[in-house]
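One structure is given here, and the rest of the page talks about it.
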Amino acid sequence: QIRDTSPRLVDMGDKLIHTGAFVDWETAAGKLAEILEKLLSKNNGYVSAAQLYEYARVELQMFLNDNDIADESSVYCIARHLFEKEGWHGIHYVFSSGSHISRGGDEALHTTLDVIRKFARDHNGFFSCDALVAYLEQVGIKTSNWRSTMHIGDKPDFFYYSGEEIISAENMQIDKAWLEQAEKALKRLFADVGDHVVLRSINPIWYEQLPSLPGHLPWTALLLQYILQFYGKQLGAKTISTELNQKYDVVHAMLVTQDSEIQTFADAVVAY
């Protein structure tokens, strides 16, 4: 009940501290407001707890020392109290998962995946892996598992365009009409080559029959491969791999119709 009804108690996670117990509370509040606004502008609407602490250690060193604060979580909790619970001087931000800070409304970011999705939108749905990693490092987000965070290969949200570049499904605008156009293009391909074709040997001109990509990017065999992983049954086609643990950017051996007699890599070798 105390946590819900006392606007002057700061929830520090493992304890509650009255704002009056902090040395230079108002001065620190003003400085935190400056830091957050600066970082939100710099990062296009996002700040991580790690980045806030990094700046606070420099610009609020005396406040942190006087109040015996020496950890990222405590600074985050103070900022959350000021700009989420209290709305200090009318300033409100969204705090999520003990790690994320963003502007409210449609700009609110609650997870690392939300941050990545916003990065993708800001880059028109197409970006390099290196650029994404650099941005995550800049804003203080750990990059050791960014691929799994994006669910690439598990969910149809992001696809590899090449070994170094990614495209978002959101910007590709995959809908019923999009899928129907892709299906027609694949049927024309199989009408010309039979029920199978080596994926790397497809004439580049054929790809022009597929739906247009954002920024008029040319299609790649790798992107087609990822699309078929999720929409293959609907499109009547699939790819055949070597059935080994291959890297995410390895182009599969063969493209076949869903009802082709070629179902394994051994079948593909025989057919070739």
Side-chain angles (χ1 to χ4, degrees), residues 44 105-111 113-129 131-132 146-241 248-263 268:
N44 202 12
D106 294 338
E107 296 183 74
L109 304 173
H110 300 285
T111 65
L113 183 57
D114 286 344
V115 176
I116 294 173
R117 283 174 174 152
K118 187 176 188 306
F119 177 86
R121 294 187 192 106
D122 292 341
H123 289 77
N124 298 317
F126 183 73
F127 51 93
S128 71
C129 303
L132 173 61
W146 63 270
R147 287 189 177 88
S148 60
T149 298
M150 294 174 73
H151 305 294
I152 301 179
D154 295 324
K155 294 182 180 180
D157 295 328
F158 294 96
F159 310 113
Y160 275 103
Y161 177 83
S162 69
E164 302 298 329
E165 297 159 314
I166 293 172
I167 191 168
S168 73
E170 180 180 60
N171 285 63
M172 290 175 69
Q173 299 182 342
I174 300 174
D175 56 15
K176 182 179 179 181
W178 194 100
L179 292 169
E180 287 176 351
Q181 182 179 345
E183 182 183 12
K184 289 178 181 177
L186 286 162
K187 284 182 177 178
R188 293 192 195 100
L189 175 66
F190 290 127
D192 290 337
V193 301
D195 70 351
H196 65 277
V197 60
V198 174
L199 191 51
R200 290 182 182 274
S201 70
I202 296 175
N203 191 324
I205 296 177
W206 171 79
Y207 285 100
E208 296 177 5
Q209 300 178 54
L210 293 172
S212 298
L213 297 177
H216 303 289
L217 290 167
W219 273 81
T220 65
L222 186 63
L223 176 58
L224 176 62
Q225 176 177 302
Y226 271 90
I227 291 296
L228 292 177
Q229 181 176 340
F230 296 99
Y231 301 104
K233 289 185 178 180
Q234 186 172 345
L235 299 178
K238 63 182 179 180
T239 58
I240 303 294
S241 69
Y248 55 84
D249 59 347
V250 172
V251 175
H252 290 174
M254 192 167 281
L255 174 67
V256 303
T257 61
Q258 281 286 342
D259 57 0
S260 172
E261 292 184 358
I262 301 172
Q263 295 294 319

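FYI, the numbering just counts along the sequence from 1. Heavy atoms only: backbone and side chains are in, while hydrogens, waters and symmetry mates are out.
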- Query: Can you tell if the side chain of Leu132 reaches within under 4.5 Å of the side chain of Phe158, non-hydrogen atoms only?
  - Reply: no
- So salt bridge (Lys or Arg N to Asp or Glu O under 4.0 Å) across residues 147-160, not counting sequence neighbours, yields Arg117-Asp157
- Return the set of residues passing side-chain hydrogen bond (donor to acceptor under 3.5 Å, both in side chains) with Thr257 (not counting sequence neighbours), or none when no residue passes. Asp259
- Message: Please check if the number of heavy atoms outside Glu261 that lie under 6.0 Å from its CD is greater than 12.
- Response: no
- Gln258, CD atom: more than 12 neighbouring heavy atoms under 6.0 Å: yes
Test of understanding: with ring pair (Phe, Tyr, Trp, His ring centres under 6.0 Å), list the residues that count as partners of [X], not counting sequence neighbours.
| X | value |
| --- | --- |
| Phe127 | Phe119 |
| Phe190 | none |
| His252 | none |

Mind checking salt bridge (charged side-chain N to carboxylate O under 4.0 Å, His left out) for [X] and listing every partner two or more places apart, or none if nothing turns up?
| X | value |
| --- | --- |
| Lys184 | none |
| Lys238 | none |
| Asp195 | none |
| Glu183 | Lys187 |

- Smallest separation among heavy atoms of Tyr226 and Ile152, with atom names: CE2-CG2, 4.0 Å
- Item | Asp122 vs Lys118, salt bridge (charged side-chain N to carboxylate O under 4.0 Å, His left out): CA-CA, chis, key distance, verdict | CA-CA 6 Å; Asp122 292 341; Lys118 187 176 188 306; 3.2 Å; yes
- Task: Could you list the residues that satisfy side-chain contact (heavy atoms from CB on, under 4.5 Å) with Ala182, not counting sequence neighbours?
- Result: Trp178, Leu210, Pro211, Leu235
- Gln209: side-chain contact (heavy atoms from CB on, under 4.5 Å) partners, not counting sequence neighbours: Ala185, Arg188, Trp206
Donor-acceptor pairs are to be reported for all side-chain atoms of residues 161-171 against protein atoms at under 3.5 Å, with residues two or more places apart or in another chain.
unit_1 : atom_1 : unit_2 : atom_2 : d
Tyr161 : OH     : Pro218 : O      : 2.5
Ser162 : OG     : Glu164 : N      : 3.2
Ser162 : OG     : Glu165 : N      : 3.2
Ser162 : OG     : Glu165 : OE1    : 2.9
Ser168 : OG     : Asn171 : N      : 3.4
Ser168 : OG     : Asn171 : OD1    : 3.1
Glu170 : OE1    : Arg121 : NE     : 2.9
Glu170 : OE2    : Arg121 : NE     : 3.3
Glu170 : OE2    : Arg121 : NH2    : 3.4
Asn171 : ND2    : Asn124 : O      : 3.4

